[in-house]
Amino acid sequence: MKFRRLNFAALILVLASVAAAQDVASFEKRVTVKKLPNGLTILICERPEAPVFSFFTMVDAGSAQDPMAATGLAHMFEHMAFKGTDTIGTTDYAAEKPALEKVESAYAAYITERDKSVGRDEAKLKELEKSWKDAIAEADKYVKSNEFTKILEQNGGEEVNASTNYDATDYEYSLPANRLELWAYLESERFLHPVMREFYKERNVVIEERRMRTDSNPIGRLLEQFTAEAFAAHPYHRPTVGWMSDLNSFSATDAQKFYDKYYVPSNMVVALAGDIKAEQAMPILEKYFGRLPSHPRPDEATTTEPPQNSERRVLLKEKSQPLYLEGYHRPDYMAKDDAVYDAITDLMSEGRTSRLFRALVRDKKIAAFSAGFTGLPGVKYPHLFAFYAFPLPGHTTQEVGDAIHVEIERLKKEDISDDELRMIKTRSKANLIRGLAENTGLANQLAFYQTRYGDWRELFRTVDRIDKVTKADIRRVANETFNDNNRTVGVIETAPGAPHGAEEGPPEPGSPDQGGAQ
């Protein structure tokens with residue numbers, strides 16, 4: 001016991017010495033923030049350890065902003081952002097532009113006939129479909145496929161990626177420091193002059209993505225139905241990838257309208273971290289990103305989810321490993337108790353010493369994995385705190401669900417120990433330091449906190465808020481949140497005749513599915 005205490009004390013000293021170079025004061029000397037006249041915010045963190053830099057562009061629009069009858073549009077435009085511009089990805093834009101316009105007019109005619117509820121002419125429909133596909137073939141003659149990405153790779157670009165979630169759409173990659181101006185041109189150009197080329201080809205890619213991640217994936221199907229059940233009114237009930245009927249209907253014109261509304265400078269934050277001097281870099285960024293036309297931030301008013309007054313349940317019988325999942329409504333990330341939910345996440349799920357792992361996996365040996373986490377399916381709006389477990393063969397979802405409830409009741413009735421509270425606070429500092437270790441993670445964090453709080457310094461204040469969490473806070477929040485009438489349950493039961501755990505293995509810690517629209 002003494003040895004463990006000495007190790008813990010040593011860890012505190014190590015963290016304290018490292019954190020001294022990772023506190024807000026040290027970063028203030030290296031971080032420059034500028035809001036351009038058009039409303040776009042740029043952050044630069046000088047980090048000259050290696051001659052490279054990473055960036056993170058965060059657009060404050062995700063699938064929660066998808067229009068009705070066009071779910072999946074936020075994700076779809078993310079795909080379009082790699083298709084190039086009026087000068088990249090085309091052999092002759094002067095000819096391509098009218099060809100793309102013909103594609104849209106032909107598609108509009110086809111959809112109008114296809115969606116008639118009365119009097120649809122099947123022969124005419126086939127003719128219209130052929131005209132639309134012929135128009136696509138004509139427009140495709142001018143396409144230089146993947147030219148945008150090829151330019152990046154030819155100039156040393158690495159980890160080229162983008163993702164769409166419920167709250168936002170993100171773009172990121174890394175380049176050599178001497179390619180800063182090239183990056184500024186490319187990144188601003190694709191949002192200044194986007195072209196919806198190969199739209200319907202890419203839409204088919206997204207449809208296949210949906211089939212793979214949701215329709216053919218038991219966990220994907222459960223999460224989609226679980227979320228739809230938990231959120232009756234708020235847009236969080238829409239899947240990020242989109243409903244299939246919408247994927248088969250929305251157009252390039254719809255994607256352009258989404259872009260026009262949400263991809264405005266006042267709704268975007270760009271963060272860079274690496275071997276960049278702000279004094280030299282900022283004029284370059286102003287030159288290129290300042291070209292984006294100014295627009296007011298879009299209205300993001302949404303329907304408020306009404307209080308849940310009864311337990312809701314979703315049951316899937318699948319040829320798959322069983323899974324138990326439950327979620328409880330909680331306030332958004334700006335709530336005064338947000339840090340308390342983070343502390344509960346750590347207590348219940350962080351590593352092999354966490355309560356759920358010890359109880360269900362190590363001691364009772366009834367689950368392959370179990371954890372609890374906040375932020376399902378997003379954080380920008382009121383969302384869910386969730387718990388889940390994968391039962392081992394010979395054990396049931398009811399059994400692991402009951403075991404999770406035992407641990408929840410402990411939270412509600414008993415104070416956590418001094419050691420547990422101390423470790424929660426120590427790990428929050430360690431996690432902050434780890435998150436700042438790489439340029440990619442740092443740019444991500446700076447953009448996220450600047451977007452969500454209007455001040456990147458909140459990244460460091462989150463640790464201060466967790467430091468103020470008390471045992472009484474944890475008991476109080478647990479009692480306020482984890483109640484039967486506030487609970488939605490999702491269960492996968494192995495279908496008769498299917499081997500236990502036939503198709504799905506346990507996920508990485510954090511959530512029951514690490515997928516998401518990319």
Side-chain angles (χ1 to χ4, degrees), residues 4-5 7-28 31 45 273 330-358 371-376 378-380 383-387 407 410-411 415-438 440-453 455-478 481 508-511:
R4 288 183 65 189
R5 285 176 181 159
N7 274 349
F8 183 79
L11 176 62
I12 292 291
L13 290 173
V14 170
L15 286 173
S17 62
V18 175
Q22 300 279 25
D23 61 12
V24 66
S26 69
F27 270 89
E28 283 180 327
V31 173
C45 180
R330 54 146 292 181
D332 66 30
Y333 73 102
M334 292 293 283
K336 64 181 178 62
D337 288 320
D338 190 55
V340 183
Y341 289 105
D342 289 337
I344 294 173
T345 297
D346 183 288
L347 175 72
M348 302 297 273
S349 308
E350 185 69 34
R352 293 177 176 271
T353 61
S354 65
R355 286 193 173 187
L356 288 175
F357 188 91
R358 285 186 302 182
F373 63 100
T374 191
L376 180 70
V379 300
K380 185 176 177 180
H383 50 277
L384 302 179
F385 193 108
F387 299 93
E407 295 305 314
R410 278 185 65 198
L411 272 185
D415 283 338
I416 68 172
S417 69
D418 291 335
D419 280 347
E420 285 176 317
L421 187 59
R422 193 180 305 117
M423 283 306 299
I424 288 169
K425 297 178 179 183
T426 300
R427 279 193 292 259
S428 73
K429 296 180 177 69
N431 289 337
L432 170 64
I433 293 167
R434 280 193 290 268
L436 304 178
E438 301 290 339
T440 50
L442 176 56
N444 180 322
Q445 297 272 50
L446 291 174
F448 177 86
Y449 281 90
Q450 186 69 33
T451 299
R452 288 285 161 258
Y453 295 93
D455 187 353
W456 61 270
R457 296 169 186 82
E458 289 296 323
L459 168 61
F460 296 89
R461 294 170 187 151
T462 56
V463 174
D464 297 335
R465 286 193 285 271
I466 289 180
D467 245 355
K468 295 175 182 176
V469 172
T470 66
K471 300 177 186 180
D473 288 331
I474 291 175
R475 282 186 67 183
R476 172 179 56 79
V477 168
T481 306
E508 292 299 316
S511 74

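Heads up: numbering here begins at 1 and tracks the sequence.
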request  = Spell out, as yes or no, whether a donor-acceptor pair under 3.5 Å connects the side chain of N444 to the backbone of G441.
outcome  = no

key: Polar side-chain atom of K380 near backbone of R452 as donor-acceptor pair, under 3.5 Å   = no

Closest non-hydrogen atom pair between [X] and [Y], with its separation:
{"X": "S354", "Y": "G351", "value": "OG-O, 2.8 Å"}
{"X": "L356", "Y": "G372", "value": "CD1-N, 3.6 Å"}
{"X": "A472", "Y": "D415", "value": "N-OD1, 4.4 Å"}

Qualifying salt bridge (Lys or Arg N to Asp or Glu O under 4.0 Å) pairs, either residue in residues 344-355, two or more places apart = D346-R427, R355-E420

query = Strictly by modelled atom types, are S428 and N431 linked by a side-chain donor-acceptor pair under 3.5 Å?
reply = no

query = Among D473, L411, V469, whose side chain to side chain contact (heavy atoms under 4.5 Å, CB included) with I344 holds?
reply = L411

If I take atom [atom1] from residue [X] and atom [atom2] from residue [Y], how far apart are they, to the nearest 0.5 angstrom?
{"X": "W456", "Y": "L442", "atom1": "CH2", "atom2": "CG", "value": "9.5 Å"}
{"X": "K425", "Y": "D467", "atom1": "NZ", "atom2": "CG", "value": "5.5 Å"}
{"X": "T440", "Y": "Q445", "atom1": "OG1", "atom2": "CD", "value": "10.5 Å"}
{"X": "L436", "Y": "F27", "atom1": "CG", "atom2": "CZ", "value": "4.5 Å"}
{"X": "S417", "Y": "K471", "atom1": "OG", "atom2": "NZ", "value": "7.0 Å"}
{"X": "I424", "Y": "I474", "atom1": "CD1", "atom2": "CD1", "value": "4.5 Å"}

query = T374: what forms a side-chain contact (heavy atoms from CB on, under 4.5 Å) with it, not counting sequence neighbours?
reply = R330, Y341, D342, T345, H383, F385

key: Electrostatic pair E458-R465, nearest N-O below 4.0 angstrom   = yes

ask   = So, are R461 and D464 salt-bridged, with charged N and O less than 4.0 Å apart?
value = no

Parallel, tilted or perpendicular, as decided by the 30° and 60° cut-offs, for the rings of Y453 and Y333 = perpendicular

request  = Step by step, work out the side-chain contact (heavy atoms from CB on, under 4.5 Å) result for F373 and S349.
outcome  = CA-CA 7 Å; F373 63 100; S349 308; 5.5 Å; no

